[in-house]
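Taking it in order: structure first as structure tokens, then the write-up.
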Amino acid sequence: RNARQEFKERHIPGALFFDIEECRDKSSPYDFMLPSESHFADYVGGLGVSSDTHVVVYDGDQVGTFYAPRAWWMFRAFGHKEVSVLNGGFKNWVKEGYPVTAEVTQPTPAVFKARLNRALVKTFEEMVENVSSLKFQVVDSRPEGRFRGTELDQGLESGHIPGAVNIPFHSFLSETGHEKSIEEIQEIFREKKVDLSKPLTATCRKGVTACQIALAAFLCGKRDVAVYDGSWSEWFHRAPPHYKVSESKRSK
């Protein structure tokens with residue numbers, strides 16, 4: 001997919017294109033690591049977003065919402081509170097007959113002050129320490145086969161961090177691509193024995209769909225879910241072998 005081209009062809013009137021390929025730490029060997037405070041501030045300021053702007057994010061994925069929670073979490077991680085996700089995404093905006101345009105808005109640059117809230121971001125070292133300390137719960141949002149290690153994860157051998165619980169991100173979305181009700185989301189967490197009153201960190205493959213876990217918990221009133229930014233991409237390359245749980249290894 002060429003997201004920028006899709007945006008140019010049609011988008012919500014007045015919307016601006018947030019490119020997670022650009023707004024990231026390009027010096028990192030991992031795909032979507034958070035940029036520096038200054039990089040983020042300059043990037044979103046260039047989109048006309050100030051520290052007082054209420055930002056609404058959406059994406060064009062056919063599941064309804066895929067990348068938007070990542071942008072939502074990034075704004076929150078850099079201290080911005082006025083940020084929302086469009087429920088149902090662009091897919092449902094179009095389906096419900098709302099206006100779209102190919103006209104690209106030219107934003108007026110604004111001043112955005114970014115301050116990283118480290119409580120919302122977990123590092124590799126913190127994740128390693130947690131394997132033994134169990135200070136926080138870990139939920140992995142990837143499909144079950146990749147979590148269990150029975151299918152490749154975009155070319156990588158798969159598996160999971162010891163002690164992690166698997167809740168595939170699409171579990172929180174209805175058939176139409178909208179977020180499920182708060183009651184349904186709470187039940188999903190309960191079934192997996194995830195206690196929303198206790199510390200929680202989300203992980204996935206690249207730190208994108210993990211943000212769906214953070215969003216789902218946020219809708220239930222839990223606003224402090226951290227995301228392991230490096231996720232499985234980093235864990236696979238850096239963790240010792242016995243810290244990579246995989247059914248495929250056990251079956252060999």
Side-chain angles (χ1 to χ4, degrees), residues 24-25 28-34 66 69-70 73-74 76-77 116-173 185-218 220 222-252:
R24 64 184 177 93
D25 178 2
S28 172
Y30 310 112
D31 289 329
F32 294 126
M33 301 293 277
L34 282 174
F66 189 89
R70 171 71 186 188
W73 172 76
M74 289 174 75
R76 294 188 63 246
L116 183 63
N117 179 357
R118 297 194 177 277
L120 295 183
V121 189
K122 292 297 180 190
T123 64
F124 173 77
E125 291 75 18
E126 288 172 310
M127 297 300 290
V128 169
E129 197 271 336
N130 188 67
V131 172
S132 55
S133 71
L134 302 177
K135 287 180 181 175
F136 50 84
Q137 305 162 96
V138 178
V139 175
D140 191 314
S141 66
R142 291 173 300 153
E144 184 182 4
R146 295 179 182 183
F147 176 83
R148 291 169 53 194
T150 56
E151 62 182 63
L152 284 176
D153 192 347
Q154 298 174 334
L156 277 187
E157 289 180 30
S158 59
H160 62 267
I161 298 168
V165 172
N166 184 216
I167 307 180
F169 78 90
H170 55 75
S171 304
F172 298 108
L173 298 174
I185 292 171
Q186 289 172 329
E187 182 58 28
I188 290 167
F189 281 121
R190 272 197 297 269
E191 285 179 359
K192 294 290 186 171
K193 296 181 170 55
V194 175
D195 188 343
L196 294 182
S197 70
K198 296 178 179 177
L200 174 62
T201 295
T203 184
C204 57
R205 166 69 162 80
K206 301 179 180 180
V208 175
T209 63
C211 300
Q212 301 255 14
I213 303 291
L215 177 62
F218 186 92
C220 297
K222 185 171 182 60
R223 304 188 168 216
D224 59 355
V225 175
V227 170
Y228 170 30
D229 205 22
S231 286
W232 185 252
S233 305
E234 181 180 41
W235 192 261
F236 175 80
H237 287 103
R238 296 186 64 188
H242 62 286
Y243 274 16
K244 290 179 272 194
V245 182
S246 172
E247 290 183 19
S248 65
K249 289 180 181 177
R250 289 204 296 268
S251 64
K252 290 177 181 176

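Quick caveat: nothing in here was measured; it's all calculated off a predicted structure.
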Starting at [atom1] of [X], measure out to [atom2] of [Y] and round the result to the nearest 0.5 Å.
X      : Y      : atom1 : atom2 : result
Glu247 : Arg148 : CD    : CZ    : 4.0 Å
Asp153 : His160 : CG    : NE2   : 13.0 Å
Ser246 : Phe236 : OG    : CZ    : 9.5 Å

Is it true that Asp229 and Arg70 have a side-chain N and a carboxylate O under 4.0 angstrom from each other?
->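 Looking at Arg70 together with Asp229, the answer is yes, because their closest N to O distance falls below 4.0 Å.
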Check ion pair Glu125-Arg238 (N to O, under 4.0 angstrom) = yes
Under the side chain to side chain donor-acceptor pair (under 3.5 Å) test, residues paired with Ser171 that sit two or more places apart =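 Per chain and number, Ser171 pairs via side chain to side chain donor-acceptor pair (under 3.5 Å) with no residue.
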Quick one: side chain to side chain donor-acceptor pair (under 3.5 Å) partners of Asn166, sequence neighbours excluded?
->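 Asn166 satisfies side chain to side chain donor-acceptor pair (under 3.5 Å) with no other residue.
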With side chains defined as the heavy atoms from C-beta onward, is the minimum distance between Arg205 and Leu156 less than 4.5 Å?
->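 Result yes, sub-4.5 Å side-chain heavy-atom pair found.
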Can you name the nearest heavy-atom pair linking Lys135 to Asn130, along with the distance?
-> N-OD1, 2.7 Å
Take Trp73 and Gln212 through the test side chain to side chain contact (heavy atoms under 4.5 Å, CB included) and record every step on the way to the result.
-> CA-CA 9 Å; Trp73 172 76; Gln212 301 255 14; over 6 Å; no
Parallel, tilted or perpendicular: ring planes of Tyr228 versus Trp235, cut at 30 and 60 degrees |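 Because their plane-to-plane angle is over 60°, the rings of Tyr228 and Trp235 count as perpendicular.
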Could you please spell out the steps behind the side chain to side chain contact (heavy atoms under 4.5 Å, CB included) verdict for Val165 and Gln137?
-> CA-CA 8 Å; Val165 172; Gln137 305 162 96; over 6 Å; no
By salt bridge (Lys or Arg N to Asp or Glu O under 4.0 Å), Arg190 pairs with (sequence neighbours left out) Glu187
Any donor-acceptor pair under 3.5 Å from Ser231 side chain to Lys206 backbone | no
Measure from NZ or CZ of Lys222 to the centre of the six-membered ring of Phe189 and say whether it is under 6.0 Å with the direction within 45° of the ring axis.
->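 No, cation not above the ring by the 6.0 Å, 45° rule.
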Taking the six-membered ring of Trp232, is the NZ or CZ of Arg146 close enough (under 6.0 Å from the centre) and on axis enough (within 45°)?
-> no
